[in-house]
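Structure first, then comments.
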There are 2 protein chains.
Amino acid sequence: MIGLFDSGVGGLSVVRALLQMAPESSFVYVGDTARVPYGNKSPDLVRAYAIQGVRTLIAEGATSIVIACNTVSATAISALQATFPETRFYEVITPAVALALALPSARVVGVIGTRTTIATEVYQRTIATRAAELNRQIRVVTAACPLFVPLAEEGWVKRAETRRIARTYLQPIRQAQADALILGCTHYPMLIDAIRASVQRRVTLIDSASAVVRAVQTAEPSLFAPTQRPLQRFLFTDASPRTQEVAQAWLRRPIQITSVNIAET
Amino acid sequence: MIGLFDSGVGGLSVVRALLQMAPESSFVYVGDTARVPYGNKSPDLVRAYAIQGVRTLIAEGATSIVIACNTVSATAISALQATFPETRFYEVITPAVALALALPSARVVGVIGTRTTIATEVYQRTIATRAAELNRQIRVVTAACPLFVPLAEEGWVKRAETRRIARTYLQPIRQAQADALILGCTHYPMLIDAIRASVQRRVTLIDSASAVVRAVQTAEPSLFAPTQRPLQRFLFTDASPRTQEVAQAWLRRPIQITSVNIAET
């Protein structure tokens, strides 16, 4: 069974992509809404939280785990693999980079993400490695967008204020004449209109949520097999009415959410 | 010794007010930056986190504790007093309300705060009680400003985007012709320029941080006595370089911060 871990509700964009491709699959999702957001927290702390979340997913029966959060993918994937050697992990960075470099005309690739994700420079390293394999010259330009997560969580998706903030954040991407832009945070698909309006029209936007789901499907197609009575569970460390409301708006369908304490596992 | 508890760095506005009045006093501050922000989390969770923070402060030698956070003051003060009956607690709500109602001309009082603080309606209840004691008619108008904390933490203090968001949030306060406005979150003094520009010029702004420090001074003046070698400690659950940087900008002086794990106490 697939397990998905995120700092909060943002990773539900991965669930949405999963449900589009395999509506009858079984999965369990853990969102750490009790400690969200991770994007400004220190890498050691993010690693400790991620290990707790994954331990919970494994206890719930997950065998393959999608880290549905760029901040966790950028900081914790090696620690997770070392802590849980039997489990197969998927992170959201490599698949998005592969998609960007599959564009033959891409010479300048933009990446936006949380402050912590951008500071790790993991996208620069991953793109450099992949570009070397392909024998291509790729320039990378990054921008941290720390207010995007609170704006998305507030549902300020179509507001003029959000468009204005997006224009400010994306100025370096625009200026560098990027050909492709990786949305390096699973929250950002929510703000796609504001992001699109802030870059040149020809820029290809790459959503890390869809990219990782396709990577799982390629590697382990059996996980996508329809199950008779699909088990689709949504666990949150702060399962408040507001979490439910935001999660349902995100997934565009009613769901039942359950409270879970991962800090003590 | 005074202990101060906050969800993060916002409560340092209370420390700033304390240092202005009593620069040689001793205190210990605990900021839960590992789980900040509290303002959108559920009341049960905020109470559990607050009990952990206060337990840490008591272990560090605090005898009187200032809850330097409106969200915690609004949701957890009874639970804290019941859990730690020997400790004297100060919350930030009552002193701010007392200041607002000390304005003889105040008929309409505005209150801004986090979503959780506003939802508790604690300001409405506290103002109603106080107004009844004074035999006055007071109308209360509230507005939740959930993006103010991330904007303050980002240091977006003088930006056009912040002024625009403030204008949107404060529209009901402006429309109600408020005479006084309580800044019901210890982060908000950081955004005072944007807030002031969003309401009529005659509105008196009331800062809950200064109000609570004055309340402590009145009740326990001995806590403000200068000590030979003042012990002024700053403990954070995520003591990252960024926490240090934001804390120093807030206090406008260099400080040493220490890491503390309150989740296991």
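Here the structure is a predicted model, which means the values were calculated and not measured. Letters go in sequence order (proteins before strands), and every chain restarts at 1.
- With chain A as the partner, the residue from B:Ile165, B:Asp44, B:Val46 showing the most heavy-atom pairs under 4.5 Å is B:Ile165.
- Heavy-atom neighbours of chain A within the stretch residues 186-194 of chain B, taken at a separation under 4.5 angstrom, are nonexistent.
- Residue A:Tyr38: no heavy atom, backbone or side chain, is found under 4.5 Å from chain B.
- Atom OG1 of A:Thr33 and atom NZ of B:Lys41 lie 8.0 Å apart (nearest 0.5 Å).
- The side-chain heavy atoms of A:Arg35 and B:Val36, taken from C-beta on, include no pair separated by under 4.5 Å.
- Proximity to chain B (any heavy atom under 4.5 Å) is restricted, for A:Leu45, to the side chain, taken from C-beta onward.
- The distance from atom CG of A:Asn40 to atom OG1 of B:Thr243, rounded to the nearest 0.5 Å, is 9.0 Å.
- The candidate from A:Pro150, A:Pro43, A:Ser240 with the greatest count of non-hydrogen atom pairs under 4.5 Å with chain B is A:Pro150.
- Looking at B:Arg164, the atoms closer than 4.5 Å to chain A (heavy atoms on both sides) sit in the backbone and in the side chain alike.
- With a 4.5 Å cut-off on non-hydrogen atoms, A:Pro37 touches chain B through its backbone and its side chain both.
- To the nearest 0.5 Å, atoms CD (A:Glu161) and CG (B:Leu147) are separated by 9.0 Å.
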